[in-house]
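In what follows, a structure is listed as structure tokens, so that the remarks can point back to it.
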Amino acid sequence: MKRTHTCGDLRAAHVDQTVTLCGWVHNRRDHGGIIFLDLRDRYGLTQVTLDPDICGKEVHELGNRVRSEWVLQITGKVTSRGDKKNPNLATGEIEVFVKDLVVLNKAETPPFEIAEHIKVGEEPRLKSRYLDLRRPTMQHNLITRHRVTKVVRDYFDEHRFLEIETPTLCKYTPGGARNFLVPSRLHQGSFYALAESPQLFKQLLMVGGYDRYLQIARCYRDEDLRNDRQPEFTQIDVEMSFIDMDDIMDIGEGMARAVWKTILGVDLPAKFRRMTWAEGMLKYGSDKPDLRYGMEIVDLTDWAPTSGFSVFQKAVEAGGVVRALNAKKATEILSRRTLDTLTEFAKGYGAKGLAWIKIGGDPSKAESWQGPAAKNITEAARIELAKRMNVEDGDVLFFGADSFKVVCATLGAVRVELGTKLLKLARGDDWQFLWIHSAPAFEWSDESQALVANHHPFTAPYDDHVDLLASDPAKVLSKSYDMVLNGNEIGGGSIRIHDSATQSKVFKALGISDEDAQKKFGFLLHALSFGAPPHGGMAFGLDRMIMLICQSDSIRDVIAFPKTQRGRDEMLDCPTVVSDRQLKELALVTAAPVVAKA
RNA sequence: GGCCUGGUAGCUCAGUUGGUUAGAGCGCCGCCUUGUCACGGCGGAGGUCGUGGGUUCAAGUCCCAUCCAGGUCGCCA
């Protein structure tokens with residue numbers, strides 16, 4: 001070993017020991033005679049001191065030439081700092097007086113300083129990710145990620161789950177996320193698809209008798225990127241046989257409790273709150289409600305026709321809904337200018353506008369109700385509204401009047417914008433978990449002009465909804481459940497269909513012919529016909545979970561080497577064009593304008 | 001694919017109504033400095049203002065196009 005201790009180890013108890021440390025030069029304070037170096041590794045920072053009277057002239061001169069981020073090996077005596085302690089440093093009680101110094105490697109001046117207090121943009125960070133990874137926040141995040149996956153593996157191991165790997169090179173299946181395609185050299189003109197999730201494999205494992213499966217699985221989706229979406233990401237993938245919805249939710253909750261307890265020391269509730277999809281949409285305009293603040297949405301569709309306001313009346317006549325939320329004590333923060341911005345924000349979600357009413361004074365007086373919508377509402381309607389919305393002085397009401405879909409999207413987004421950004425009602429360390437369950441099995445797709453599976457076509461409908469598959473499929477609710485944390489979907493799953501009769505009814509509802517189903521999913525249908533056990537499971541977004549635990553704004557901060565929003569790796573400079581020879585070997589031609597020469 | 005924000009020194013940013021030689025802090029380089037710890041003092045170097053075109057006597061600043069980064073809608077069963 002080149003070192004006896006790390007840069008985070010030494011304490012007062014080590015005084016008088018001779019130690020050897022290795023690390024990077026974090027900082028250098030040259031006093032002409034005495035030189036202080038802060039030596040850094042991932043365990044911490046230790047002050048090493050070069051006193052010419054102790055280390056000799058030669059080592060001292062070498063210390064003079066040392067620069068930031070050089071890699072040093074130093075040997076010296078641990079010495080108490082006496083009254084010169086540094087309380088900001090874990091090793092601040094001591095310093096090491098250098099006797100010998102070896103430069104293990106020099107370093108160019110880094111493009112940015114490796115220090116917590118230095119602000120650096122993401123572009124330079126990603127270009128020199130190996131330097132960014134030296135920074136304390138990134139080290140903390142990646143260490144946390146390691147610890148979380150260890151807790152997860154231990155937890156599932158204790159519950160008799162088996163970790164089984166499944167292929168990432170697999171078959172293209174239509175529907176769902178766009179796949180990355182991998183050309184086959186041995187079967188020219190044919191392609192593998194990178195797995196968007198191990199979904200079908202884990203169901204086949206259930207058929208194979210591995211009744212409790214776990215995998216920390218890499219998944220690939222060729223879709224547009226976001227702060228919480230990368231083209232490759234990691235799922236904690238789980239599947240179980242001989243269980244019901246409650247069993248899976250219990251297992252999932254248990255995992256979250258274990259992680260939060262071990263990593264953060266936080267005790268999550270013994271039972272997570274549960275809410276139907278319908279309730280989430282009604283009260284929060286979202287299938288992933290943020291429960292860190294109130295502002296529940298109130299349905300006013302029955303009130304709207306007698307409100308006297310034609311905008312509301314027409315929305316209901318057109319078959320839409322009218323709903324509102326109350327931002328308590330918000331009149332001061334929500335200036336006219338902010339409300340205009342919020343109206344534009346709402347239009348981004350398909351709303352034609354955002355009616356609002358400010359309450360400036362005693363709500364029983366008409367003149368206290370301010371804003372364009374206020375004048376149009378009759379006195380009786382106003383009194384009724386005050387009651388339903390629990391209106392008080394200082395409140396601001398926001399209305400949505402449109403189709404169900406648009407009103408949910410708009411008020412849901414306005415609520416989050418108010419809660420997290422404008423009124424700042426949400427804390428990053430307030431952990432509001434809940435389950436959203438029983439979503440509709442299908443939803444209408446404007447793009448394909450047909451019903452499409454909300455989750456996936458193997459999601460089991462409620463037993464008493466099976467008959468609706470033929471008569472009114474849009475009303476069918478599924479045995480599905482999403483784990484939601486602070487407005488983020490961090491996991492989701494369902495009970496799967498395990499009998500072929502129900503499966504074919506679902507395909508029929510989706511407009512998929514038996515022949516088509518055989519072609520696309522034949523291997524699964526065949527497997528289900530050989531005694532598939534009742535089963536179900538779920539998958540957690542590991543990156544998102546860790547992002548929330550680390551209170552980061554982006555999963556890029558919890559991934560060692562992430563891609564940019566256009567899917568590029570700034571450090572590798574990829575993707576790249578390939579040579580004609582490579583294309584030829586794969587029997588590919590490209591329509592792209594530039595191809596690299598061999 | 002749409003919309004929004006940004007791109008000026010190695011880093012983080014300022015740059016007014018278009019007007020002389022484009023600034024600051026940090027970092028970097030040199031000298032001084034024996035108790036600092038985001039040490040201190042003095043001095044210095046460092047710029048294709050993302051790229052291309054246009055308007056103008058004159059463009060970092062205005063216009064058009066384009067690239068890159070971030071956010072967002074669509075998309076992500």
Side-chain angles (χ1 to χ4, degrees), chain A residues 26-39 45-54 60 64 67-69 79 81-89 91-92 95 97 108-128 131-132 173-179 196-197 199-200 219-231 233 341 344-351 409-410 413 417 421 439 441-443 445-448 451-459 478 480 489 492 494 506 510 541 553-554 556 563-566 568 570 573:
Chain A
H26 186 69
N27 195 6
R28 181 168 159 276
R29 295 177 294 280
D30 183 351
H31 288 249
I34 203 162
I35 300 172
F36 300 106
L37 301 175
D38 290 335
L39 210 56
L45 222 56
T46 300
Q47 171 165 295
V48 303
T49 308
L50 285 92
D51 183 332
D53 299 335
I54 294 171
H60 185 258
N64 254 323
R67 289 295 179 269
S68 284
E69 301 305 316
T79 310
R81 290 217 215 168
D83 57 353
K84 299 280 188 330
K85 281 181 194 146
N86 183 346
N88 302 318
L89 229 50
T91 60
E95 63 192 317
F97 274 91
E108 298 288 324
T109 302
F112 50 85
E113 291 170 70
I114 316 297
E116 200 56 39
H117 69 276
I118 299 287
K119 265 199 307 175
V120 191
E122 262 200 288
E123 234 173 315
R125 285 177 53 205
L126 290 177
K127 275 203 174 105
S128 313
L131 296 180
D132 188 35
T173 51
R178 192 178 290 115
N179 290 104
E196 64 190 63
S197 81
Q199 179 61 39
L200 296 172
C219 305
Y220 305 86
R221 295 182 187 175
D222 187 8
E223 296 290 347
D224 285 5
L225 285 73
R226 288 281 191 282
N227 63 346
D228 63 350
R229 276 155 43 181
Q230 284 273 308
F233 64 100
T341 311
E344 286 310 304
F345 173 82
K347 284 179 182 169
Y349 292 84
T410 307
E417 187 74 4
K421 299 232 178 80
F442 313 108
E443 72 183 336
S445 161
D446 287 334
E447 196 194 324
S448 47
L451 282 183
V452 296
N454 202 342
H455 192 54
H456 58 60
F458 316 109
T459 303
S478 63
S480 64
E489 183 197 324
S494 63
V506 168
L510 288 167
D553 296 325
S554 162
R556 291 187 298 273
K563 308 275 189 288
T564 68
Q565 200 173 49
R566 299 221 39 231
R568 284 176 31 79
E570 291 282 308
D573 191 23

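Convention: sequence-line order gives letters A, B, ...; per-chain numbering from 1. Since the model is a prediction, treat every value here as computed from it, not as a measurement.
In the interface, the side chain of A:Glu95 is paired with the base of B:G35 through a donor and an acceptor atom under 3.5 Å apart. With hydrogens and angles left out, the side chain of A:Asp224 and the base of B:C75 share no donor-acceptor pair within 3.5 Å. Side-chain N/O atoms of A:Arg229 and base N/O atoms of B:C76 include a donor-acceptor pair closer than 3.5 Å. For B:C29, the base has no donor-acceptor partner in the side chain of A:Arg67 [N/O atoms by modelled type, under 3.5 angstrom].
Side-chain N/O atoms of A:Arg29 include none lying less than 4.0 angstrom from OP1 or OP2 on B:U33. Look at A:Thr564 and you'll find a side-chain N or O under 4.0 angstrom from OP1 or OP2 of B:A69. An OP1 or OP2 oxygen of B:U72 is reached within less than 4.0 angstrom by a side-chain nitrogen or oxygen of A:Asn227. Taking 4.0 angstrom as the limit, A:Arg125 places none of its side-chain polar atoms (N or O) nearer than this to OP1 or OP2 of B:U12. At least one side-chain nitrogen or oxygen of A:Arg568 sits closer than 4.0 Å to the OP1 or OP2 atom of B:A69. At B:C68, one or more side-chain N or O atoms of A:Arg566 fall inside 4.0 Å of OP1 or OP2 (strictly under the cut-off). Not one side-chain nitrogen or oxygen of A:Gln47 sits closer than 4.0 Å to the OP1 or OP2 atom of B:U36. Dashed line: the shortest gap from a side-chain N or O of A:Arg556 to OP1 or OP2 of B:G71 is under 4.0 Å.
Within 4.0 Å of A:Glu122, counting heavy atoms only, lie sugar-phosphate atoms of the nucleic acid but no base atom. Within 4.0 Å (heavy atoms only), A:Val120 reaches sugar-phosphate atoms of the nucleic acid but no base atom. Heavy atoms of A:Lys119 sit under 4.0 angstrom from primed sugar atoms or phosphate atoms, though from no base atom. Residue contacts for A:Gly121: at a heavy-atom cut-off of 4.0 Å it reaches the sugar-phosphate backbone alone, with no base atom in range. Counting non-hydrogen atoms under 4.0 angstrom, A:Phe345 reaches nothing in the nucleic acid. Residue A:Thr459 is out of contact with every strand shown, counting any heavy-atom pair closer than 4.0 Å. Among the protein residues, A:Asp222 comes within range of no part of the nucleic acid, since none of its heavy atoms lies under 4.0 Å from any strand. If you check every strand for non-hydrogen atoms under 4.0 Å, A:Arg81 touches a base.
Contact annotation: the side chain of A:Asp30 never approaches that of A:Phe36 to less than 4.5 Å [non-hydrogen atoms, C-beta and beyond]. Here the side chains of A:Ser128 and A:Phe112 are in contact, with some heavy-atom distance below 4.5 Å.
Protein atom CD of A:Glu417 is 17 Å distant from nucleotide atom P of B:C4, rounded to whole Å. Counting to the nearest Å, the C1' atom of B:G71 and the NZ atom of A:Lys421 are 9 Å from each other. Here B:G27 presents its P atom at 13 Å from CZ of A:Arg28, a figure rounded to the nearest Å. Counting to the nearest Å, the C1' atom of B:A9 and the CZ atom of A:Phe112 are 17 Å from each other. In this structure, A:Glu570 atom CD and B:C68 atom C1' are separated by 8 Å, rounded to whole Å. Atom C1' of nucleotide B:U36 and atom CD1 of A:Ile35 are separated by 12 Å, given to the nearest angstrom. Rounded to an integer number of Å, the gap from A:Ile114 CD1 to B:C28 P is 12 Å. If you measure from atom CD1 of A:Ile118 to atom P of B:C13, you get 12 Å, rounded to the nearest angstrom.
Nucleotides B:U8 and B:G70 are separated by 15 Å at their P atoms, to the nearest Å.
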Query raised in the report: side chain to side chain donor-acceptor pair (under 3.5 Å) between A:Thr564 and A:Glu570: does it pass, once the steps are laid out?
Result: CA-CA 7 Å; A:Thr564 68; A:Glu570 291 282 308; 4.6 Å; no
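Ring-to-base geometry places A:Phe36 in a stacked arrangement with B:U36 (centre distance under 5.5 Å, plane angle under 30°).
If you check B:C49 for Watson-Crick or wobble pairing at under 3.5 angstrom, you find it has no partner at all. Pairing of B:G44, defined by two Watson-Crick or G-U wobble distances under 3.5 Å, is identified with B:C28. Under the Watson-Crick and G-U wobble criteria, each requiring two contacts below 3.5 Å, nucleotide B:A58 is left unpaired. B:G6: Watson-Crick or G-U partner is B:C68, with both key distances under 3.5 Å.
A side-chain donor-acceptor contact under 3.5 Å links A:His60 to the backbone of A:Gly33.
Surrounding CG of A:Asn64 are more than 12 heavy atoms belonging to other residues, nucleotides or ligands, all under 6.0 Å away. For A:Glu108, the CD atom sits in a loose shell: 12 or fewer heavy atoms of surrounding residues, nucleotides or ligands are nearer than 6.0 Å.
Side-chain atoms of A:Gln565 and A:Arg556 form no donor-acceptor pair, as typed in the model, at a separation below 3.5 Å.
With A:Pro231 as reference, A:Lys563 is the one residue of A:Glu223, A:Lys563, A:Arg178 to meet the side chain to side chain contact (heavy atoms under 4.5 Å, CB included) rule.
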